[in-house]
Amino acid sequence: MSPQKLETNSDLQSFVDRYDTFLFDCDGVIWRGSTIVDGVPEALDMLRSLGKRLIFVTNNSNTSRKDYVKKFAKLGITAAVEEIFSSAYATAVYLSDVAKFGTTNKSAYVIGGNGIRTELEDVGIKTLGREHTVPIDLSSLAEVEPNPEVGAVVFGIDYDVSYRKLAHAHVNLVHNEGCLFIATNDDRTLPGGKYMYPGCGSLLSSLKSSSQKTPMVMGKPNKPMLDCVMRKYDLDAARTCMIGDRLDTDVQFGISGGLATLCVLTGVADEQSVLNPTSPQATYYTSSLGNLAQLA
């Protein structure tokens, strides 16, 4: 069945009435780059006033949940740490609760931003890699050695990714027996400003190629993230809707969990791609999440 376009107030009201919980992607839905999408704060306030449950599920691993709360506040949106579920947090939950990494006395070598490090360290996992900032060349490559302390390589978006970091991650993956390989997400691109830019998945491909190892990918649309979200919040799939701007991650994530999905056109997807029958099929689509503010 083709996605239903939500245009009129009647369409929007019927949609809101049908669900108790709404999962939101952030980049491209709530904001684009550092700019809030028009009408979104009012739309979220309206949903809260109706007693709806709001959960923000993002593949962005560069920002910790605590810093997300601060970003939301600056944009005029109220959100609690417990309402935010990022791929960095999902990685920390997996390593701590599933892999029992904290009992191994091993460290995680991190390529990524402070968001990953904060979430890992908050659950007691030591991180390495922050210190590798000095450029390297062929003559000094011999100083890159496997570190027996490293029991996992964690890869997230890194705006200062370097050959030194990749080299350290590579030798630990290849030469440390049993070293875990986890990627926070494998998004090919990310939105920012008026363009799309290389995402975590594009950077990750170099390490996958060199190590010939396949990472466990935590972020949407992959099962580890889905399992963590469904279990943590005890969601009723029939009364939950996933809202996002990407068909291959957000919409597919919802489909995989048996959730309804709403695709907004303020990020990656456009109307043509939403209506393409070969694309993951959203339940609904609309031009912007801000349209819900009409119901306030």
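A quick note: this is a predicted structure, and the numbers were derived from the prediction, not measured.
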(message) On a heavy-atom basis, which atom in R65 and which in V81 lie closest, and how many Å separate them?
(response) NH1-CG1, 3.5 Å
(request) Verify, without hydrogens or angle tests, whether R246 (side chain) and A269 (backbone) share a donor-acceptor contact under 3.5 angstrom. (result) no
(message) Could you measure the distance from the CG atom of L207 to the CZ atom of F155? Nearest 0.5 Å is fine.
(response) 6.0 Å
(request) Could you tell me whether a side-chain N or O of K220 sits under 3.5 Å from a main-chain N or O of V57, the two making a donor and an acceptor? (result) yes
(message) Against L289, only a single residue in I243, V37, D245 fulfils side-chain contact (heavy atoms from CB on, under 4.5 Å); can you say which?
(response) I243
(message) Please list all pairs meeting side chain to side chain donor-acceptor pair (under 3.5 Å) that have one or both residues in residues 37-57, counting only residues at least two apart or in different chains.
(response) R48-E83
(message) Looking at G28, is its backbone amide N or carbonyl O close enough to the side chain of T266 to form a donor-acceptor pair, meaning the two atoms are under 3.5 Å apart?
(response) yes
(request) Under the ring pair (Phe, Tyr, Trp, His ring centres under 6.0 Å) rule, collect the residues that match up with F101, sequence neighbours excluded. (result) none
(request) Could you grab the distance from atom NZ of K71 to atom OG of S64, nearest 0.5 Å is fine? (result) 12.0 Å
(request) Compare every heavy atom of S273 with every heavy atom of L247, then report the nearest pair and how far apart it is. (result) CD1-O, 3.4 Å
(request) Verify, without hydrogens or angle tests, whether D11 (side chain) and T8 (backbone) share a donor-acceptor contact under 3.5 angstrom. (result) yes
(message) When you group the ILVMFWY residues by side-chain heavy-atom contacts below 4.5 Å and let the links chain together, are L44 and L292 in the same group?
(response) yes
(request) Looking only at non-hydrogen atoms, find the nearest pair between D270 and L265 and report the distance. (result) C-CD2, 3.9 Å
(message) Given I157, which partner from the list N62, I116, N59 fulfils the side-chain contact (heavy atoms from CB on, under 4.5 Å) test?
(response) N62
(request) State which residues pass side chain to side chain donor-acceptor pair (under 3.5 Å) with D158; sequence neighbours excluded, sorted by chain then number. (result) K165
(request) Please name the pair of heavy atoms, one in G156 and one in T184, separated by the smallest distance, quoted to 0.1 Å. (result) CA-OG1, 3.4 Å
(message) Restricting to side chain to side chain donor-acceptor pair (under 3.5 Å), what partner residues turn up for S162, sequence neighbours left out?
(response) none
(message) Tell me whether Q252 contacts the main-chain N or O of D250 through its side chain, where contact means a donor paired with an acceptor under 3.5 Å.
(response) no
(message) Going by side chain to side chain donor-acceptor pair (under 3.5 Å), name the residues that satisfy it together with N291, two or more places apart in sequence or in a different chain.
(response) T286, S287
(request) Report the distance from atom CD1 of I125 to atom CZ of R117, rounding to the nearest 0.5 Å. (result) 13.0 Å
(request) Quick one: list whatever passes ring pair (Phe, Tyr, Trp, His ring centres under 6.0 Å) with H132, sequence neighbours left out. (result) Y109, H168
(message) How long is the straight-line distance from CG of L262 back to CD of Q4, given to the nearest 0.5 Å?
(response) 10.0 Å
(message) Enumerate the side chain to side chain donor-acceptor pair (under 3.5 Å) contacts for residues 135-147, please, sequence neighbours excluded, ordered by first and then second residue.
(response) D137-S139, D137-S140, E143-R164
(request) Starting at CZ of R188, measure out to CE of M196 and round the result to the nearest 0.5 Å. (result) 7.5 Å
(request) Kindly assign one of parallel, tilted or perpendicular to the pair Y197 and Y195, based on the angle between their ring planes and the thresholds 30° and 60°. (result) perpendicular
(request) Would you please name every residue forming a ring pair (Phe, Tyr, Trp, His ring centres under 6.0 Å) with Y233, sequence neighbours left out? (result) none
(message) For D227, is there an ion pair with K223 - N to carboxylate O distance below 4.0 angstrom?
(response) yes
(message) Applying the side-chain contact (heavy atoms from CB on, under 4.5 Å) criterion to F56, which one of F85, Y68, F24 satisfies it?
(response) F24
(message) Can you confirm whether W31 sits close enough to T35 that some side-chain heavy atom of one is under 4.5 Å from a side-chain heavy atom of the other?
(response) no
(message) Within the 4.5 Å heavy-atom criterion, are L235 and V229 side-chain neighbours or not?
(response) yes
(request) Scan V264, V251, V274 and name whichever one has a side-chain contact (heavy atoms from CB on, under 4.5 Å) with Y285. (result) V274
(message) Let me confirm one number: the OG1-CG distance from T283 to L6, rounded to the nearest 0.5 Å.
(response) 10.0 Å
(message) Quick one: does any side-chain atom of T118 pair with a main-chain N or O of G115 as donor and acceptor, under 3.5 Å?
(response) no
(message) Could you check whether any side-chain N or O of N276 sits under 3.5 Å from a backbone N or O of T278, counting only pairs where one atom can act as donor and the other as acceptor?
(response) yes
(message) If you define the side chain from C-beta out and look only at heavy atoms, does anything of L95 sit under 4.5 Å from I182?
(response) yes
(request) Please name the pair of heavy atoms, one in A90 and one in M218, separated by the smallest distance, quoted to 0.1 Å. (result) O-CE, 3.4 Å
(message) Can you confirm whether L275 sits close enough to P3 that some side-chain heavy atom of one is under 4.5 Å from a side-chain heavy atom of the other?
(response) yes
(message) Using modelled atom types and a 3.5 Å cut-off, is there a donor and acceptor pairing between side-chain atoms of S211 and backbone atoms of K213?
(response) yes
(message) For F22, give me all partners under ring pair (Phe, Tyr, Trp, His ring centres under 6.0 Å), at least two apart in sequence or on another chain.
(response) F15
(request) Not counting sequence neighbours, which residues clear side chain to side chain donor-acceptor pair (under 3.5 Å) with S86? List them please. (result) none
(request) Would you name the heavy atoms of A282 and C263 that are closest together and state the gap between them? (result) CB-CB, 4.1 Å
(request) Among residues two or more places apart or on two chains, list those pairs meeting side chain to side chain donor-acceptor pair (under 3.5 Å) that have a residue in residues 87-97. (result) none
(request) Could you list all the side chain to side chain donor-acceptor pair (under 3.5 Å) pairs where at least one residue sits in residues 122-131, not counting sequence neighbours? (result) E121-T127, K126-E149
(message) Can a donor-acceptor pair be found, under 3.5 Å and without considering hydrogens, that links the side chain of T240 to the backbone of D236?
(response) yes
(message) For residues L138 and V134: do they belong to one hydrophobic cluster (side chain heavy atoms under 4.5 Å, members Ile, Leu, Val, Met, Phe, Trp, Tyr)?
(response) no
